[in-house]
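What follows is a short report on a single structure.
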Amino acid sequence: MKKTILTGIKPTGQIHLGNYIGAIRPALDLAQEPSYVPAYFVADYHGLTKIHDPNEFRGLSYGIAATWLALGLDPDRTIFYRQSDVPEVFELNWILACFTSKGLMNRAHAYKSMVDSNEQMNRESNFGVNMGLFTYPILMAADILMLKTEVVPVGKDQIQHVEIARDIAESFNHVYGDTFSLPDYKIQEGGSVLPGLDGRKMSKSYHNTIPLFEEPKKLQKLINKIKTDSLPPEAPKDPDSSIIFTLYEAFAQPIEGTQMREQFLQGISWGEAKTELFNVMNRFLEEPREKYNELMEKPMILDEILKEGAEKASGISAPFLKEIKGKMGFRV
Ligand code: ADP
Ligand code: TRP
């Protein structure tokens, strides 16, 4: 029996290299495994917790869809959809909310860290918290449970959310009998944390990202901005503590990585290292960038592909929701 493997990305910013290395690339590899049915989606309703500008919201949502496709996701072999096109997810969201204790949400990290930072800044603790953000993990549980997901590939920051989905599923099963299978998370292999321009984790929250499909000139400029030390060109440099080397290794062939490591140890100027980095990145990104730009110009193609994916998703979710509601005493 094939296992459903599901993951979503929320449209709250431009996809950057960290998202690619940490989330998209490993998920694309998993999608190739014959034992899995991949269900990958644009978590647009999750994005709404943050983005309230319609044009930006639309653009970012299409951007996520175009990114997956440009990088080679095969929609024929994937359930590839937009969350908001599968209404059963939202019905389930409410049902699950009625099985989720408020205390569980109080402990969810996205909400908690917002409260903590408000308190540090002497603001009212719930400042800027909308109920979408507070109940974010319930909608994520609905995403996961609605498609009978067994495996959720995620970054470390999302483990808690998958555990919450399990807790909610158990609460429901306890009352109505075995209904939901309990999902497991899968930490992305090779999904190491990619540093950003300033050396901290690359993240849109830190404004230190390199967007994945940046135009070559801008890409070069951003690479030139990467912080380096003031060692002279001929001085040996430590590859393992260098952002430039980490990025280089992520995009180069293994043999090129080994050679670059040698060059670092022997002494390479930062300027030269940055040029080499640009070359390997651009070599890899050229083709997907072109495809991405093409798709972004034809959102109707994206709509069509996503719609077909939503139909596949509803093929699972509609009968399952009926079964769930039947158990609860709804007339179905
Ligand atoms: P951001 O930190 O920019 O807000 P998200 O939280 O939306 O990114 O992350 C989307 C996915 O990309 C998650 O699975 C996350 O683990 C992964 N990810 C984000 N930044 C990085 C990074 N710098 N290195 C590796 N993976 C990352
Ligand atoms: N919360 C995830 C993130 O921020 C996105 C997401 C929404 C998701 N629903 C999901 C991930 C279901 C996995 C499964 O990255």
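Only heavy atoms go into these numbers, but all of them, side chains included; no hydrogens, no water, no symmetry mates. Both ligands and their constituent atoms are indexed starting at 1 by order of listing. Since the model is a prediction, treat every value here as computed from it, not as a measurement.
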Practice prompt. Identify, by atom number and element, the atoms of ligand 1 in contact range of Lys204, meaning under 4.0 Å from any of its heavy atoms.
Written response: 1 (P), 3 (O), 4 (O), 5 (P), 7 (O), 8 (O)
Using a cut-off of under 3.5 Å, which N/O atoms of ligand 2 pair up with protein N/O atoms, and what distance separates each pair?
{"unit_1": "ligand 2", "atom_1": "1 (N)", "unit_2": "Tyr136", "atom_2": "OH", "d": "2.7"}
{"unit_1": "ligand 2", "atom_1": "1 (N)", "unit_2": "Gln158", "atom_2": "OE1", "d": "2.9"}
{"unit_1": "ligand 2", "atom_1": "4 (O)", "unit_2": "Lys10", "atom_2": "NZ", "d": "2.8"}
{"unit_1": "ligand 2", "atom_1": "4 (O)", "unit_2": "Tyr136", "atom_2": "OH", "d": "3.1"}
{"unit_1": "ligand 2", "atom_1": "4 (O)", "unit_2": "Gln158", "atom_2": "NE2", "d": "3.3"}
{"unit_1": "ligand 2", "atom_1": "9 (N)", "unit_2": "Asp143", "atom_2": "OD2", "d": "2.8"}

Worksheet, complete the sentence: Closest heavy-atom approach to atom 19 (C) of ligand 1 among Asn19, Ile9, Val154, Thr7 is made by Asn19
Discussion item. Do Ser61 and Asp44 pair up side chain to side chain, a donor and an acceptor below 3.5 Å, judged on atom types alone?
Written reply: no
Item to complete: For Arg82 and Lys307, indicate whether the former's side chain and the latter's backbone hold a donor-acceptor pair under 3.5 Å.
Response: no
Side chains of residues 207-219: which donor-acceptor partners sit under 3.5 Å, not counting sequence neighbours?
{"unit_1": "Asn208", "atom_1": "OD1", "unit_2": "Ser203", "atom_2": "N", "d": "3.0"}
{"unit_1": "Asn208", "atom_1": "ND2", "unit_2": "Asp198", "atom_2": "OD1", "d": "2.8"}
{"unit_1": "Asn208", "atom_1": "ND2", "unit_2": "Lys201", "atom_2": "O", "d": "3.0"}

Practice prompt. Identify, by atom number and element, the atoms of ligand 1 in contact range of Asp157, meaning under 4.0 Å from any of its heavy atoms.
Written response: 16 (O)
Item to complete: Look only at interatomic distance and state if Thr12 has a nitrogen or oxygen under 3.5 Å from any nitrogen or oxygen of ligand 1.
Response: no
Fill in: Proximity winner for atom 3 (O) of ligand 1, if only heavy atoms of Lys10, Gln14, His16, Met202 are counted
His16
Worksheet item: Given Tyr81, which of Phe41, Trp68, Tyr40 fulfils the ring-ring contact (aromatic ring centres under 6.0 Å, His included) condition?
Response: Phe41
Discussion item. Holding to side-chain hydrogen bond (donor to acceptor under 3.5 Å, both in side chains), I want the full list of residues that pass it with Ser317, two or more places apart in sequence or in another chain.
Written reply: Glu88
Worksheet item: Can you tell if the side chain of Ile168 reaches within under 4.5 Å of the side chain of Phe172, non-hydrogen atoms only?
Response: no
Item to complete: Any atoms of ligand 1 less than 4.0 Å from a non-hydrogen atom of Lys201? List them with their elements.
Response: 2 (O), 19 (C), 20 (N), 21 (C), 23 (N)
Extract all donor-acceptor atom pairs below 3.5 Å that involve side chains of residues 141-153 and protein atoms in other chains or at least two apart in sequence.
{"unit_1": "Asp143", "atom_1": "OD1", "unit_2": "Gln83", "atom_2": "NE2", "d": "3.0"}
{"unit_1": "Asp143", "atom_1": "OD2", "unit_2": "Gln83", "atom_2": "NE2", "d": "3.2"}
{"unit_1": "Thr149", "atom_1": "OG1", "unit_2": "Ile144", "atom_2": "O", "d": "2.7"}
{"unit_1": "Glu150", "atom_1": "OE1", "unit_2": "Thr4", "atom_2": "N", "d": "3.4"}

Worksheet item: Can you check whether Ile324 reaches Glu91 side chain to side chain, under 4.5 Å on heavy atoms?
Response: no
Worksheet item: Just checking, any donor-acceptor pair under 3.5 angstrom between side chains of Ser242 and Lys237?
Response: no
Practice prompt. Measure from atom 27 (C) of ligand 1 to every heavy atom in Gly18, Gly196, Pro26 and give the option owning the shortest one.
Written response: Gly18
Worksheet item: Does Val193 have a heavy atom less than 4.0 Å from any atom of ligand 1?
Response: yes
Worksheet entry | Electrostatic pair Glu163:Arg107 at N-O distance under 4.0 angstrom | no
